[in-house]
Participant: 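Just passing along the structure, written as structure tokens.
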Amino acid sequence: MEFRDLKKQYEVLKPEIDRAMIETAKSSHYIMGQSVKDLESSLAKYVGVNYCKSCSNGTDALTLALKVWDIGVGDAVFVPDFTFFASAEVVALQGATPIFVDVDNDTFNIDALSLEEAIKAVIKEGKLKPKVIIAVDLFGLPANFHEIRKIADKYNLFILEDGAQGFGGMIGDKRACSFGDIATTSFFPAKPLGCYGDGGAVFTDNEQWASLIDSYRVHGKGSFKYDNVRIGLNSRLDTIQAAILQVKFKAFQDYELKDVNNAAMLYTEKLQGKVKTPIIRDGFYSSWAQYTIILNSKEERDALQIKLKDNGIPSMVYYPTPMSKQTAFKEMKMYVETPNSMMLSGCVLSLPIHPYITEEEINKVIENIE
Ligand SMILES: *Cc1c(COP(=O)(O)O)cnc(C)c1O
């Protein structure tokens, strides 16, 4: 059994993907070719924002957003303590200070109460200037943007939506990557919409920010490529990745997103009353980057993972270490306690899930959990 079966996906899409790759090879427009432009406009339309700017990966996408807002030394950026390292790494890389905030036990996403408490503590201390909230759509579920927006407005902060795992999710009829003032996603192969290497994108409605991203992603270019008006990055999406993504995006819209939701529903139905399953609140829709259960203790979690492995079932611990306990961040000051993040890192286990998983495979996982 595969944790995320990218081989099976390739088998299904092979004729179209092979054609896309060969066409790109023939075109010789390997950088910023037509597929990049076409992909950007179809992604913007799907998400429901004015601008999509592709880039080299989801981490650069976050960095580009922070650069647009000129985030640096002395700025406080609020980040969930329970997330992938990149969400906080980009803040420190800009010279700003990540402030770790706790998450909600049911949704794995940033907790509004903890967020506001952290903002107040930073303001009270008076050393750092609160600037940005990075809200992560963890495991495919959009963060609680209704609550987060209220807090952002109250304290005059930007929202950066880290939608690396969230592409395709929804709140009501609005898509993930449309909730932040700027939102980002990743096309890393294992994400809900992945390419055959690294890739990412930035989304916004703001024309001025979109044109700044255009500049920052190509060495801070001005009116032409060899006019450099600011310090930027080399962060473009390869044409061949865009061409592959065009094929995969069609499958994603046609059936993959529905099928992965059906798989998640099956898991939840069959695991009811046996382990704590993910909770999707009313009006929310997940793209199921992960299907993550919570066990009663680290011992129970670790024992289950070994048992699954012995029976040929891969599982993963996303994430074993909260940001605040990472060696790279051990000097960071904590403004709030993060007990939920601590508990989750010890007790979570992500099960195999993807659009091509079969009911038999799900049944086998469930039998072993039972
Ligand atoms: C994967 C991921 C990123 C980084 O994306 P890359 O394309 O790997 O750079 C950032 N944030 C979260 C939450 C992620 O899961």
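Computation of the quantities below employed the complete heavy-atom set of this structure, encompassing side-chain atoms and omitting hydrogens, waters and symmetry-equivalent molecules. Positions are given from 1 along the sequence. Quick caveat: nothing in here was measured; it's all calculated off a predicted structure. Start at 1 and go down the list; that is how both ligands and their atoms are numbered.
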Participant: In sequence, state the C-alpha distance, the side-chain angles, and the governing distance for D60 and S235, and then conclude on side chain to side chain donor-acceptor pair (under 3.5 Å).
Facilitator: CA-CA 7 Å; D60 277 6; S235 189; 2.7 Å; yes
Participant: Counting from 1, what ligand 1 atoms have a heavy atom of V136 closer than 4.0 Å?
Facilitator: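 Those qualifying, in numeric order: 13 (C).
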Participant: Polar-atom distance check: F188 versus ligand 1, any N or O pair below 3.5 Å?
Facilitator: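 No, F188 has no N/O under 3.5 Å of an N/O on ligand 1.
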Participant: Taking 4.0 angstrom as the limit and counting only heavy atoms of T59, give me the atoms of ligand 1 inside it, by number and element.
Facilitator: 4 (C), 5 (O), 6 (P), 9 (O)
Participant: Which of these, Q165, K191, E89, has its nearest heavy atom closest to atom 2 (C) of ligand 1?
Facilitator: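 The residue whose heavy atom sits nearest atom 2 (C) of ligand 1 is K191.
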Participant: Would a distance-only check, ignoring hydrogens and angles, find a side-chain to backbone donor-acceptor pair under 3.5 Å from T268 to M265?
Facilitator: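 Here the side-chain-to-backbone pair does not exist.
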Participant: Would you check if the distance from the ring center of Y267 to the ring center of W288 is below 6.0 Å?
Facilitator: no
Participant: Ring centroid separation for F167 and Y46, is it under 6.0 angstrom?
Facilitator: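 Ring centroids of F167 and Y46 are less than 6.0 Å from each other.
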Participant: Do me a favour and list the nearest non-hydrogen protein atom to atom 11 (N) of ligand 1 with residue, atom name and distance?
Facilitator: D162 OD2, 2.7 Å
Participant: Just which atoms of ligand 1 are under 4.0 Å from any heavy atom in A164?
Facilitator: 2 (C), 3 (C), 10 (C), 11 (N), 12 (C), 14 (C), 15 (O)
Participant: With atoms numbered from 1 as shown, which atoms in ligand 1 lie under 4.0 angstrom from a non-hydrogen atom of S186?
Facilitator: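 Those atoms are 5 (O), 6 (P), 7 (O).
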Participant: Ring centres under 6.0 Å, that's the criterion: do F329 and F85 meet it?
Facilitator: yes
Participant: May I ask you to check if K221 and F224 form a cation-pi contact, with NZ or CZ under 6.0 angstrom from the six-membered ring centre and within 45° of the axis?
Facilitator: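 Not flagged: K221 not positioned over aromatic ring of F224.
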Participant: Does Y291 have K270 sitting over its ring (NZ/CZ under 6.0 Å from centre, angle to axis within 45°)?
Facilitator: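 Relative to the ring axis of Y291, which defines the angle, K270 lies outside at least one limit.
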Participant: Enumerate the atoms of ligand 1 whose separation from the nearest heavy atom of S87 is less than 4.0 angstrom.
Facilitator: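 Heavy-atom distances to S87 below 4.0 Å select 11 (N), 13 (C).
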Participant: Taking E300 for its side chain and S297 for its backbone only, find out whether a donor-acceptor pair lies under 3.5 Å.
Facilitator: no
Participant: Using a 4.0 Å cut-off to any heavy atom of A86, which atoms of ligand 1 qualify?
Facilitator: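 Those of ligand 1 that fall under 4.0 Å from A86 are 4 (C), 10 (C).
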Participant: Look at atom 6 (P) of ligand 1 and say which protein heavy atom is nearest, naming residue and atom and giving the distance to 0.1 Å.
Facilitator: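 Answer for atom 6 (P) of ligand 1: G58 N, 3.4 Å.
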Participant: Using a 4.0 Å cutoff against the non-hydrogen atoms of N57, which atoms of ligand 1 qualify?
Facilitator: 7 (O), 9 (O)
